[in-house]
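Proteins get letters first, then strands, A, B, ... in listed order; numbering begins at 1 in each. The figures here come from the full heavy-atom set of this structure, side chains too, leaving out hydrogens, waters and symmetry mates.
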There are 2 protein chains.
Amino acid sequence: MRVLMVEDDHFHASYLQDALSEALPEVTEIFHAEDGEKGQDEALQGRISAVVMDLQMGHRNGIEAARSIWAQRPETRILFWSNYADEAYQRGIADIVPEDSAYGYVLKTASRENLKLALRAVLVEGQIMVDREILRLQRSNAGPRNRLDDSEFNVLLDLALGLQDRLIAERRNMSLRTVQNRLLSLYDKLGVDLSVEDQIPFNKRVRALNRAMVTRTINVATLEAAQREFEEWMRGR
Amino acid sequence: MRVLMVEDDHFHASYLQDALSEALPEVTEIFHAEDGEKGQDEALQGRISAVVMDLQMGHRNGIEAARSIWAQRPETRILFWSNYADEAYQRGIADIVPEDSAYGYVLKTASRENLKLALRAVLVEGQIMVDREILRLQRSNAGPRNRLDDSEFNVLLDLALGLQDRLIAERRNMSLRTVQNRLLSLYDKLGVDLSVEDQIPFNKRVRALNRAMVTRTINVATLEAAQREFEEWMRGR
DNA sequence: ACATGTCTTGCGGGAACCCGCAACAAGTCT
DNA sequence: AGACTTGTTGCGGGTTCCCGCAAGACATGT
């Protein structure tokens with residue numbers, strides 16, 4: 001069994017390597033790439049069936065690399081291994097994981113035992129495994145019914161890029177008024193108004209982006225990805 | 001000489017400990033705190049004269065901890081040791097470093113030799129030392145004359161919180177029109193307009209926040225800090 | 001079939017925003 | 001001192017945004 005580690009932090013990489021060889025005796029070779037770009041090349045070139053992938057890396061982040069890998073070899077098993085439990089990452093992963101693919105998501109703060117367990121479950125057994133911490137955090141943000149559905153999330157991305165209502169409507173094939181309705185529910189779910197008890201008049205659009213970032217609903221990587229998608233859409237218009 | 005490491009990542013901490021004892025034989029004791037809160041307590045309680053401080057930590061980040069430490073003991077020498085070269089951090093540090101204090105800023109990607117050099121220069125010699133990489137990045141963003149002055153930066157923070165022009169004017173003691181002038185130059189310097197060649201109509205406010213985040217002029221920690229300051233200002237109004 | 005709930009869409013108006021124009025103050029250069 | 005740059009402020013108007021209201025579309029339940 002050939003396993004690829006994609007991890008730009010040197011210390012984490014060597015720790016991971018130790019854990020890998022301890023937990024999975026069936027591993028015959030361990031490869032190491034230090035950014036997303038090299039990682040995806042290596043995974044597609046070499047006959048790699050299992051990958052452990054860091055999420056935040058300089059050149060190309062883990063989600064983008066994973067998408068490319070899965071696009072060509074959806075049977076690849078990928079364990080994401082990350083510092084943070086941002087909803088943005090969890091949502092990004094959910095967007096790209098193919099039907100029936102094995103994957104997992106573990107935090108770097110997890111215990112060694114936990115990591116080894118996840119390595120075995122995902123890379124060897126082909127299970128799906130998401131760290132409890134991540135699910136917990138995800139729910140705590142999503143209090144009563146605060147979870148954004150896909151349609152709202154898309155509008156949030158467009159808003160975050162700075163698009164105007166008119167353009168969002170065109171891009172998402174909605175009427176102007178519908179876009180504004182989505183924005184209203186966004187403002188509601190992100191808690192735009194209920195900040196300070198006094199009724200401070202906020203600029204709702206900016207405040208929405210602020211809240212989305214602070215609650216880790218989206219992050220900078222999300223913004224950059226959304227920008228690229230938007231530019232592509234603009235070309236074919 | 002008593003040195004305190006404030007670092008929540010276990011691997012980085014042990015690497016740092018090694019580098020410390022290699023580079024500084026005059027160190028008699030090394031303490032270790034794993035978040036900003038504990039770090040600042042320890043620095044103020046124990047007779048600590050030198051600190052190595054991580055920037056992004058869970059409970060209280062490095063800048064806040066450093067501010068508290070310097071507020072009581074400005075002679076403390078602090079070397080910041082961080083993953084990223086965000087302008088937001090560099091600016092945050094510049095805001096809090098007292099007159100004549102020794103400090104430094106090194107990236108975790110720096111070589112071991114470089115780290116040891118910085119440890120010696122800052123903690124022992126009391127020099128000021130900033131990683132070349134950080135200065136380089138700072139300039140590349142600041143192309144022709146893109147650097148924000150303090151006044152513009154403050155308005156950016158208020159904008160980022162979602163405040164309206166009127167409130168910003170009140171808070172910063174400017175007329176409404178002056179605030180709008182600041183915003184104009186902000187839009188200019190952040191490159192709000194020159195995105196895609198076509199003249200896409202953007203919502204400038206949101207776009208400004210987007211650009212500020214993507215260029216690492218501000219980050220989420222900045223937003224959270226600004227929010228706290230704003231709430232405090234609101235109370236005494 | 002009828003009621004009820006959710007979603008979409010148009011209309012319209014008040015508020016906020018963007019920004020050109022111009023007057024004025026303060027500091028700089030020659 | 002006089003010319004010039006830079007920053008502040010008011011005014012006014014065009015645009016965008018926020019959102020209440022109400023009418024229609026569709027689904028679900030009784």
Tell me the interatomic distance from [X], atom [atom1], to [N], atom [atom2], rounded to whole angstroms.
| X | N | atom1 | atom2 | value |
| --- | --- | --- | --- | --- |
| A:K204 | C:dA16 | NZ | C1' | 12 Å |
| B:L183 | D:dG7 | CG | P | 15 Å |
| B:R182 | D:dT9 | CZ | C1' | 12 Å |
| B:M174 | D:dT9 | CE | C1' | 13 Å |
| B:L176 | D:dG13 | CG | C1' | 16 Å |
| B:N173 | D:dT8 | CG | P | 12 Å |
| A:N181 | D:dA22 | CG | C1' | 13 Å |

Students often get this wrong, so: under 4.0 angstrom with heavy atoms, is A:N203 touching a base, only sugar-phosphate, or nothing? sugar-phosphate
So what does B:L184 touch, heavy atoms closer than 4.0 Å: a base, only the sugar-phosphate, or nothing?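 B:L184: backbone/sugar contact only, no base atoms under 4.0 Å.
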From A:Q56 atom CD to A:E7 atom CD, the distance as rounded to the nearest 0.5 Å: 9.5 Å
Looking only at C:dC18, C:dT8, D:dT16, the nucleotide nearest the A:Q164 side chain is D:dT16
What's the closest nucleotide to the A:R166 side chain, out of C:dT8, C:dC18, D:dT16? D:dT16
More 5' along DNA chain D: B:D149 or B:R177, using each one's nearest nucleotide? B:D149
Charged tip of B:R91 within 45° of B:F153 ring normal and under 6.0 Å: yes
Would you say C:dT9 has OP1 or OP2 under 4.0 Å from some side-chain N or O of A:S175?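 Answer yes for this pair, as a side-chain N or O of A:S175 is under 4.0 Å from OP1 or OP2.
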Ignoring hydrogens and angles, tell me if any N or O in the side chain of B:R77 forms a donor-acceptor pair with the backbone of B:L123 under 3.5 Å. yes
Does any donor atom in the side chain of B:N181 or B:R177 lie under 3.5 Å from an acceptor atom in the other side chain? yes
